[in-house]
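Heads up: the structure comes next, in structure tokens.
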Amino acid sequence: MARAAKAGERPQASSPQDFSAADFRRRVADRLADRGEAVGDHSFNPGWDAVFREMKRRPAAVLVPVVDRGAEATILLTRRTATLRSHAGQIAFPGGGIDATDEGPEAAALREAQEEIGLSPEFVEPLGLAADYLTGSGYRIAPVLAVVRPGFTLTLNPDEVADVFEVPLSFLMNPANHRRNSREWQGMTRFFFEMPYRDWHIWGITAGILRILYERLYLDPEAESSS
């Protein structure tokens, strides 16, 4: 039987920069009117473009749920169960494959979030799509950016989700918390990002999507070029 759970306790964080849901909504409208070309694991591994673009891919969508916690918005993440066939035990956004009956990525992400963690669509305000994210495991993921209104209650699907928690947006959008690491993959060195937060090891696809969102939404090009 699925256990009922309220959203995780509200993490504490502080920053002079605005990390509210309202500011996130504004940044998405200002900076993501054009989704741009697909990004992905190859974005952090120069020379992989040819390999990645030749792969056959399955369409998928994830919900990037920014919870409106006043001045300190959070992002809701899940920990997958250890029994899943792929990415078992990893930190992930709610989401999955786009079914033929889904009316696009947004509908798929909302359906999957409701099936996985019981997040009712009535609490979710979709804002738009970020650039597709290509993975080494053969998926083309459409990140659906959204603001989530507080007051929701979650019911986790025990076959897919072991836990759910919130991380401050200010933490995830701070490059000081983005750690670059590498592993050997198919005879090549694969670089990826990690964002350890408390007891949670955020890395791989999830960290990659978050890193791209930081670059598109919060990175100041002028400040970067002058540093």
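- Defined by atom type and a distance below 3.5 Å, a donor-acceptor pair is present between the side-chain atoms of S20 and D18.
- Clustering ILVMFWY residues whenever any of their side-chain heavy atoms sit less than 4.5 angstrom apart, transitively, puts I98 in a cluster other than the one holding V64.
- For the salt bridge (charged side-chain N to carboxylate O under 4.0 Å, His left out) test, residues two or more places apart in sequence or in another chain that qualify with R25 are E125.
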For this session: Walk me through it: do S170 and E72 pass the test side-chain hydrogen bond (donor to acceptor under 3.5 Å, both in side chains)?
Result: CA-CA 7 Å; S170 58; E72 280 292 347; 3.2 Å; yes
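- Side-chain atoms of R149 come within 3.5 Å of backbone atoms of E122 as a donor-acceptor pair (strictly under, hydrogens ignored).
- Side-chain atoms of N181 and E194 include a donor-acceptor pair closer than 3.5 Å.
- Shown here is E103, whose CD atom has no more than 12 heavy atoms of other residues, nucleotides or ligands within 6.0 Å.
- Aromatic ring orientation, F193 versus H178: perpendicular (interplanar angle above 60°, classes split at 30° and 60°).
- Taking the six-membered ring where tryptophan is involved, the planes of Y218 and F24 are essentially parallel, since the angle between them stays under 30° and well short of 60°.
- Between D132 and R140 there is a salt bridge, since at least one side-chain N of the basic residue sits less than 4.0 Å from a carboxylate O of the acidic one.
- Although no hydrogens or angles enter the test, the distance criterion places no donor-acceptor pair under 3.5 Å between the side chain of T155 and the main chain of G118.
- The pair R26-D23 meets the salt-bridge criterion, since a charged nitrogen lies less than 4.0 angstrom from a carboxylate oxygen.
- D199 CG: 12 or fewer foreign heavy atoms inside a 6.0 Å radius.
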